Amino acid sequence: MPAFKDALPNTPASILPLVLQAMSRTPDSRLRELMAALTRHLHAFVIETQVTEPEFERAVKFIIDMGKATNEKTNEVILASDLLGLSTLIAVLNNPADPSNTHALAEAASHAALLGPFWRANAPFCEAGENIVRSPTPGMPLEVCGVVYDKNKQPVPDATVDVWHASPVGLYENQDEHQVDMNLRGRFKTDAQGAYFFKTVRPSGYPVPTDGPCGELLRAQLRHPNRPAHLHFMVSTPGHKVMVTQVFDDGDNNLTSDPVFGVLAPLVSHFEEIEVDGHTQARLTHDFYLIEGEMSFPHPPIP
Ligand code: BEZ
Ligand code: FE
């Protein structure tokens, strides 16, 4: 037998070392590390679960279907990573509560959440106290305020608080022909005391999109698609990481079964209901804690 034949793979486990060897000269060290680890885990997964040929074909079809279903209205690839908990994992891993913080956060938990597909860059700048309801949007009025703090619990003046959320019927403005452009979106500057304040309507929960391959997967897993009611925030100021987060309504029934696992304990807040002139309004107070780092903004998932 020619000598080279000894170097060829002949068992499932003998393929991996050859692949790692082939990739080992990758000049970019981070790409080399990432691809080696990914390949190791993929091979281990296939061997552990004994993936069959029809199952592999089905997985390839799922990936192709995600690409086909992704368009200017929806991003099925991000949705898949959301439903696997990967988006939340990336957010939590990369935004730990700063261990050098001198103020007492209730726990060392992250205060970050996944971006979700509906953030749009360039929401209008608003004056403090402005209402971000821009076209008739029936619902309970909601006032939101809080303070942006740095790692030393010093208030951060002139930080940008970008907010966006779904309407009381559970639709974002760019999913709903009854809302005008940029309805329920706005950017606010914190004042000299680090405070922000705006008015809006109380959002409701809503289902993640279920008309593509990810919806099919949810149904196959007997999982419901309903996110608990929340507001999205992106808080930024130079010298700090852009804090992408969400604040959840503590009265929602789906807090412990969010299909995208975005609900962290520090992000659940009380929406206090008050009577004003015989009408019920809600009030929410939520503070943000920034961590030091580079101010780098994400790309909008749906341009
Ligand atoms: C959202 O919160 O906007 C969202 C997150 C994941 C999937 C769908 C929507
Ligand atoms: Fe959302």
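Note: hydrogens, waters and symmetry copies are ignored here, and every other heavy atom, side chains too, is used. All figures in this text were calculated on a predicted structure; none of them were measured in a lab. Both counts, for ligands and for their atoms, begin at 1 and track the order of listing. The residues of the chain are indexed from 1 along the displayed sequence.
Nearest heavy-atom pair across S204 and A229 is C-CB, 3.6 Å. Taking both residues in full, the closest heavy atoms of N174 and F118 are given as OD1-CD2, 4.1 Å, listed atom of the first, atom of the second, then distance.
Within 6.0 Å of CZ in F56 there are 12 or fewer heavy atoms belonging to other residues, nucleotides or ligands. More than 12 heavy-atom neighbours from other residues, nucleotides or ligands sit within 6.0 angstrom of CD on Q221. The environment of CG in D28 is crowded: more than 12 heavy-atom neighbours from other residues, nucleotides or ligands sit within 6.0 Å.
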Which N or O atoms of ligand 1 sit under 3.5 Å from a protein N or O, and how far apart is each pair?
residue  : atom  : partner : partner atom : Å
ligand 1 : 2 (O) : Y206    : OH           : 2.7
ligand 1 : 2 (O) : R227    : NH1          : 2.5
ligand 1 : 2 (O) : H230    : NE2          : 3.1
ligand 1 : 2 (O) : H232    : NE2          : 3.0
ligand 1 : 3 (O) : Y172    : OH           : 3.3
ligand 1 : 3 (O) : Y206    : OH           : 2.6
ligand 1 : 3 (O) : H232    : NE2          : 3.1

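For H41 and H43, the distance between ring centers is not under 6.0 angstrom. Between Y206 and Y172, the distance from one ring center to the other falls under 6.0 angstrom.
For the Fe ion (ligand 2), the count of nearby protein N/O/S atoms, taking only those under 2.8 Å, is 4.
Applying salt bridge (Lys or Arg N to Asp or Glu O under 4.0 Å) to R283 and the options E272, E275, E143 leaves one that passes, E272.
With respect to R202 and E273, a salt bridge is recorded, a charged nitrogen being found less than 4.0 Å from a carboxylate O.
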